[in-house]
Engineer: 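I'd like to ask some things about the structure below.
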Amino acid sequence: MQLPSNGSAKAAPKNRAAPGPDLPGTAMTAVSAIGQLNARTGAPTAGTGLHPAASEGVDVLVVALAAAAETSAREDTEEALHPTPAPRRGAVETALAYGVDVAARAATAGFTGKAGETLLVQPPSGRAEELPGKLIYLGVGDESVQGMRKAGAALARTTRGDAKVRAAVLDGLGAEAQQAFLEGFFLGGYRAPRLGKTPAGPPMAREMELTGLDPDALRLAEITARAVWFSRDLTNLPPDVATPEWMAAQSRAAAARAGLEITVLDEAELKRRGFGGLLAVGSGSANPPRLVQVSYRPAAETGAHVVLAGKGITFDSGGISLKPRDAMMSMKMDMAGAAVVLAVVEAAAALGLEHRVTGVLALAENAIGGSAYRPGDVVRTYNGTTVEIGNTDAEGRMVLADALAYAAAELSPDVLVDIATLTGAAALGLGQQHGALFSNTPGLLRAMEQAGQVSGDRIWQLPLVHEYEYALESDTADLAHVAPPALKFGAGAIVAALFLEKFVDGVPWAHLDIAGPMRAGSDNHETAKGATGFGTRLLISFLRNATFPPKAQDAG
């Protein structure tokens, strides 16, 4: 399978700011372009066009300082200890206007120009009426994509509550670096929805004007960031709100605003069509399961058909194999995979991608009750495979088994990708910074890895070790869905991936286990505290930049 970049996209209506009618929406900064800075001629302050008139209402000016270039020796000892950051467009002019010795101020504050550092300057008392109330020197490091993403996130947090920002940070940078900065800005400004009377905190800046802005970079960044906001909002909301039916309603709302096709299967239809895994997992809950299929079709179907399947466990108690109390507190986020899939399909429509993209959301609540499924049960899944249940807390692979088998049998996918908060083993092995990647197709692995590098959603390939399949042997069914405790078998993430592979029917397939990076304990660069939306940027980048044969059969 060859998966080179094509960059193909067509215009589509912009997403609305709020992700859904029932979600507590928060405002994203309105970003606009002003002219590129003019080259300086004559006096240092002449001809740049950066400084606003008082009537323009700009209350924050932002200019960039890059990290000092690495050198093996410095003649000046003080310079060796405190290397002076390198000024970028507008830095000299604003320093003169505000009467500040930037080098001295930076040395005192320990500011080096590292990506994400900020240095705040206020106007001199005699000019407070004519200058914006804040001048921010923003560290952009080496102006790489990663550095610009960090810088954007830092600026978003530094300007919370401000009205109008004017920045010269992007002047002269390429489209990729500009997109990264803007994505970082939008994502760094996100706050999780708060239900009740207590405000969530100061909002993002109302407006930001950028000199030298590439409009295509802004469009891509806005669509991607709105998708991440949507997936974060869905995942952050509490389980008494975000039930399977509520998620289906959000899917209908997304389909309506983006012009998507949608089908929702309720409990009766799931029974009629044989979705045994999904029904078993949802059997103990008062909130019955749903399967949502949402599809974007391009006007000319010249691309491939990519099916995305998302695990949507709206709350996971562990079922009869009950989780400890502390482990349950984050289990409202066990539907993060489904949230990502819905957001990505909507973004595909906004981007006007050439590929047909279908999302399958397997939605259920794993609860305890007299009708809950039990360890030792044998469940018949969608494709007829019977599965012996060893642990009701391994429910994600059961709902995905149905979703993958359904997609492979009924949707004729060229490529099948699932995304799930699946195993603690993946989180234990890779921590909170990387998702685990598995695939049965080398070309698909390469495309996913490239998307991870570009997007900022970092993934790490783990092997599908088929010699471990004996751990899934059962005496009473076609498969066991977990290794029996007596086997004392490790490699939990690999065993789960091997189980899922049984349901893809040879279709080129990738599995993303995002149990580690699905949430964050604190703000960190473009990642906000709470649900991270991990995988949204990854899959959007994958869909934008990958090309597929009409029917992908290549195994290498």
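Every heavy atom of this structure was used, including side-chain atoms; hydrogens, water molecules and symmetry mates were not.
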Engineer: Run the salt-bridge test on Arg290 and Glu269 with the 4.0 Å N-O cut-off and return the result as yes or no.
Structural biologist: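 So Arg290 does not pair with Glu269 through a salt bridge.
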Engineer: Identify each donor-acceptor pair in which a side-chain atom of residues 317-345 lies under 3.5 Å from a protein atom, sequence neighbours left out, and give them as a table.
Structural biologist:
from: Ser317; atom 1: OG; to: Gly319; atom 2: N; distance (Å): 3.0
from: Ser317; atom 1: OG; to: Asn366; atom 2: O; distance (Å): 2.8
from: Ser321; atom 1: OG; to: Asn391; atom 2: OD1; distance (Å): 3.2
from: Ser321; atom 1: OG; to: Thr392; atom 2: N; distance (Å): 3.1
from: Ser321; atom 1: OG; to: Thr392; atom 2: OG1; distance (Å): 3.2
from: Lys323; atom 1: NZ; to: Asp393; atom 2: OD1; distance (Å): 3.1
from: Lys323; atom 1: NZ; to: Asp393; atom 2: OD2; distance (Å): 3.1
from: Lys332; atom 1: NZ; to: Asn236; atom 2: O; distance (Å): 2.8
from: Asp334; atom 1: OD1; to: Lys311; atom 2: NZ; distance (Å): 2.9
from: Asp334; atom 1: OD1; to: Thr421; atom 2: OG1; distance (Å): 2.5
from: Asp334; atom 1: OD2; to: Lys311; atom 2: NZ; distance (Å): 3.2

Engineer: Do Ser474 and Glu388 pair up side chain to side chain, a donor and an acceptor below 3.5 Å, judged on atom types alone?
Structural biologist: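 Yes, side-chain donor-acceptor contact under 3.5 Å.
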Engineer: Would you check if Ser295 and Leu260 make a side-chain contact, meaning some heavy-atom pair closer than 4.5 Å?
Structural biologist: no
Engineer: May I ask you to check whether Tyr470 and Phe489 place their ring centres under 6.0 Å from each other?
Structural biologist: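 Between Phe489 and Tyr470, the centre distance is under 6.0 Å.
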Engineer: Classify the ring geometry of Phe503 against Phe499: parallel below 30°, tilted from 30° to 60°, perpendicular beyond 60°.
Structural biologist: tilted
Engineer: So does Glu526 pair up with Lys150, basic N to acidic O under 4.0 Å?
Structural biologist: no
Engineer: Would you mind reporting whether Phe230 and Glu346 have side-chain heavy atoms less than 4.5 Å apart?
Structural biologist: yes
Engineer: Ile494 versus Leu464: any side-chain heavy-atom pair under 4.5 Å?
Structural biologist: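 With C-beta onward as the side chain, the pair stays apart.
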Engineer: Is a donor from one side chain sitting under 3.5 angstrom from an acceptor on the other, for Asn287 and Trp246?
Structural biologist: no
Engineer: Are any of the side-chain heavy atoms of Thr423 and Arg397 separated by less than 4.5 Å?
Structural biologist: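 Answer yes - side chains close enough.
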Engineer: How about Leu361 and Ser251: do any of their side-chain heavy atoms sit closer than 4.5 Å?
Structural biologist: yes
Engineer: Is the cationic atom of Arg232 (NZ for Lys, CZ for Arg) positioned less than 6.0 Å from the six-membered ring centroid of Tyr190 and within 45 degrees of its normal?
Structural biologist: yes
Engineer: Under 3.5 Å, is there a donor-acceptor pair linking the side chains of Ser455 and Asp457?
Structural biologist: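 No pair is found: no donor N or O on one side chain lies under 3.5 Å from an acceptor on the other.
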Engineer: Test the Arg537-Phe186 pair against the cation-pi criterion, namely NZ or CZ under 6.0 angstrom from the six-membered ring centroid and within 45° of the ring axis.
Structural biologist: no
Engineer: Side chains of Asp402 and Thr381: donor-acceptor distance under 3.5 Å anywhere?
Structural biologist: no
Engineer: Within a 6.0 Å radius of atom CD on Glu176, are there more than 12 heavy atoms belonging to other residues, nucleotides or ligands?
Structural biologist: no
Engineer: Please determine if Lys529 and Asp523 form a salt bridge, counting it only when a charged side-chain N lies under 4.0 Å from a carboxylate O.
Structural biologist: no
Engineer: Taking atom types as modelled, is there a side-chain donor on Thr532 or Thr527 under 3.5 Å from an acceptor on the other?
Structural biologist: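 There is no such pair (donor and acceptor under 3.5 Å, judged by atom type) between the side chains of Thr532 and Thr527.
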Engineer: For the residue pair Gln453 and Glu449, confirm or rule out a side-chain donor-acceptor distance under 3.5 Å.
Structural biologist: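 Checked: Gln453/Glu449 side chains show no N/O donor-acceptor pair below 3.5 Å.
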Engineer: Grab the two heavy atoms, one from Arg544 and one from Leu353, that are nearest each other, plus how far apart they are.
Structural biologist: CG-CD2, 3.8 Å
Engineer: Is it the case that His305 and Ser412 place a side-chain donor and acceptor less than 3.5 Å from each other?
Structural biologist: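 Not at all, the side chains of His305 and Ser412 share no donor-acceptor pair under 3.5 Å.
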Engineer: Scan residues 371-385 for pairs that pass salt bridge (Lys or Arg N to Asp or Glu O under 4.0 Å), counting only residues two or more places apart or in two chains.
Structural biologist: Arg374-Asp377
Engineer: Under 3.5 Å, is there a donor on one side chain and an acceptor on the other for His511 and Glu501?
Structural biologist: no
Engineer: Provide the closest heavy-atom pair for Gly147 versus Ala115 in the form atom of the first, atom of the second, distance.
Structural biologist: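 Where Gly147 meets Ala115 most closely, the heavy atoms are O-CB, 3.4 Å.
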Engineer: Test side chain to side chain contact (heavy atoms under 4.5 Å, CB included) on Trp509 and Leu404; report intermediate values, then the result.
Structural biologist: CA-CA 10 Å; Trp509 158 76; Leu404 292 171; 4.2 Å; yes
